[in-house]
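First the proteins, then the strands, lettered A, B, ... as listed; each starts at 1.
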There are 2 protein chains.
Amino acid sequence: MPAFRHHVFVCTNSKPDNDGCCAARGSEQVLQKFRAEIASRKLREEIHVTPCGSLGTCGHGPNVVVHPDGTWYSGVSVNDVTEVIEQHLLRGKVVERLAWLDHDLLRQTIAENRAKAQAKKQG
Amino acid sequence: MPAFRHHVFVCTNSKPDNDGCCAARGSEQVLQKFRAEIASRKLREEIHVTPCGSLGTCGHGPNVVVHPDGTWYSGVSVNDVTEVIEQHLLRGKVVERLAWLDHDLLRQTIAENRAKAQAKKQG
């Protein structure tokens, strides 16, 4: 039994050129909305929220991962946060319209973005 | 079944005053060591590594969380990374000397650090 029933990570990665990164798509507001709702619902002892770096699904953000389920969400706006909390975190039902249901495609997308980032780094 | 067997988060949070934060304690090197070992062992398709912001156990870092287990590690040095990979990620055995086994104490520590951070913010 983990210390927290759920651990929500919100990517707040910022790229120098703002190229489709989560920060440029409003992820800080998504993070703050999660934090505020978890606090106001008195769920802090059960659900932990942490900002994180790139989840590898750059260009699809804001990206959010919910553990222990390992559910990868993309395109999460401030207006989606209440639904993720009520459907997923409280009722255990993945919000399918925002989730990567095809895990092969998810891993492939992450690998492609990693290769792109490395190529860029090498100039 | 999640897309990745394990998802490792390494706190790389940096505080303006460097007050006991993970960055000041070498967490960037811990992150790079995890990434390099996961890559060289050809485990990238199974284990994902992501940097993250404060995990709430400030002052005990470098802090690392391993999901889906929800295992909170503190005081993880570069020299501990191979053990965490071989014991926990490959054999499923928590490295107890680095882990928060008392979850009440963990939650209490996080709540105290959050209160401190908020008091500081309010000046």
Chain A neighbours within residues 69-89 of chain B, where any heavy atom lies under 4.5 Å away: B:D69, B:G70, B:W72

Close approach to chain A in residues 104-112 of chain B, criterion heavy atom under 4.5 Å: B:L106, B:R107, B:I110

Interface residues of residues 25-46 of chain A facing chain B - heavy atom cut-off under 4.5 Å: A:R44, A:E45

Which of B:G53, B:P68, B:C52, B:A3 touches chain A most, by non-hydrogen pairs under 4.5 Å: B:A3

Hydrophobic cluster membership, A:L98 vs A:L90, 4.5 Å side-chain cutoff: yes

Toward chain B, the part of A:V49 with a non-hydrogen atom under 4.5 Å: neither

A:W100 with A:V94, same ILVMFWY side-chain cluster at under 4.5 Å: no

A:H67: ring pair (Phe, Tyr, Trp, His ring centres under 6.0 Å) partners, not counting sequence neighbours: B:H7, B:F9, B:H67

Transitive ILVMFWY side-chain link A:V65 to A:I47, under 4.5 Å: no

